[in-house]
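Heavy atoms only: backbone and side chains are in, while hydrogens, waters and symmetry mates are out. Predicted, not measured: the structure shown is a model, and the values here were computed from it.
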Amino acid sequence: MSTIRRFAGPLAAVAAAGYCIEGAVVVRAPQPEHGWHASGYVVEVAFALALAASIPLAALLRARLAGAGFAAMLVSALASIVAGGDALGPLFLAGVLASIAGLALLAVSAVRHRAESRWLGPVLVAGFVVSIALGDHGGGIVLGAVWAAAIPAFRDPEPAAAFTLAG
């Protein structure tokens, strides 16, 4: 059993918690682009932890494009933490677009191949898109809830067996 597979459930829980914390703090104290206070750093650190946990899960699901998108957003988040405000915006946008495309491909593949956990791909992409649409009004909480709902699927000994993405 690979290390990623062994820790997939806990990684999904970390992703869920990170996105929920980010979303809950932003609802209460929206994060400005620059000149962050303590809450801005909490938001970005929680988001970075969630992204770091999401990357190996995307690899496990063979959703390489989504994983690359999460990695690009993580680099932007880390640069933002160092800068104390939004940094590398174009890289962040590219990461968002790659993540959406990768999760959409995952969803299509899972449904097309009638995978046992075929609900996982569509739920992840829908949650990601809804979280973006909601933004500071609970988007992170929605994304965290989606990752929390996915935890049982990652407890499957072979969650990637349900998906056959080649890219």
Side-chain angles (χ1 to χ4, degrees), residues 3-4 7-8 10-108 120-151 154 160 163 165 167:
T3 302
I4 294 173
F7 292 105
L11 284 169
V14 168
Y19 291 125
C20 282
I21 291 167
E22 175 265 336
V25 173
V26 167
V27 164
R28 180 74 173 110
Q31 182 179 1
E33 288 186 31
H34 302 288
W36 292 349
H37 293 62
S39 64
Y41 287 100
V42 169
V43 165
E44 209 65 23
V45 168
F47 186 60
L49 287 173
L51 288 168
S54 300
I55 293 167
L57 296 174
L60 184 63
L61 294 172
R62 299 183 187 140
R64 294 183 190 121
L65 184 57
F70 294 146
M73 289 188 293
L74 177 59
V75 169
S76 175
L78 294 174
S80 295
I81 291 167
V82 171
D86 290 352
L88 303 178
L91 181 63
F92 183 82
L93 179 59
V96 168
L97 296 175
S99 297
I100 291 171
L103 291 173
L105 288 171
L106 174 69
V108 168
L120 182 59
V123 167
L124 287 174
V125 73
F128 195 80
V129 171
V130 169
S131 75
I132 292 168
L134 289 175
D136 291 349
H137 304 288
I141 297 168
V142 168
L143 190 55
V146 166
W147 280 102
I151 292 170
F154 286 110
F163 305 101
L165 291 178

Listing, residues 21-29 side-chain donor-acceptor contacts under 3.5 Å, not counting sequence neighbours, or none:
none

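- The line from SG of Cys20 to CH2 of Trp147 is 12.5 Å long, rounded to the nearest 0.5 Å.
- Using a 4.5 Å cut-off on side-chain heavy atoms (C-beta onward), Tyr19 and Val142 make no contact.
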Could you list the donor-acceptor pairs under 3.5 angstrom formed by side chains in residues 91-103, with sequence neighbours left out?
{"residue": "Ser99", "atom": "OG", "partner": "Phe70", "partner atom": "N", "Å": "3.3"}
{"residue": "Ser99", "atom": "OG", "partner": "Gly95", "partner atom": "O", "Å": "2.8"}

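- Within the model, atoms CG of Leu106 and CZ of Arg62 stand 11.0 Å from one another, a figure rounded to the nearest 0.5 Å.
- With rounding to the nearest 0.5 angstrom, the CZ atom of Phe154 is 9.0 Å from the CG atom of Leu11.
- A heavy-atom distance below 4.5 Å is found between the side chains of Leu120 and Leu61.
- Here the closest non-hydrogen pair linking Gly144 and Ala16 is O-CB, 3.3 Å.
- In this structure, the separation between CD1 on Ile55 and CG on Leu74 is 5.0 Å, given to the nearest 0.5 Å.
- Between Ala79 and Leu88, the shortest heavy-atom contact is CB-CD1, 3.5 Å.
- Formation of a donor-acceptor pair under 3.5 Å by the Ser76 side chain with backbone atoms of Gly89 is not found in this model.
- When every heavy atom of Gly121 is checked against every heavy atom of Ala107, the shortest pair comes out as C-CB, 3.5 Å.
- Taking both residues in full, the closest heavy atoms of Leu143 and Ser131 are given as CB-CB, 3.8 Å, listed atom of the first, atom of the second, then distance.
- For the pair Ala58 and Ala66, the tightest heavy-atom approach, listed with the atom from each and the gap, is CB-C, 4.4 Å.
- Closest approach of Gly40 and Gln31 over heavy atoms only: O-NE2, 3.5 Å.
- For residues 34-54, every residue pair satisfying the ring-ring contact (aromatic ring centres under 6.0 Å, His included) rule, not counting sequence neighbours, is listed here: Trp36-Tyr41.
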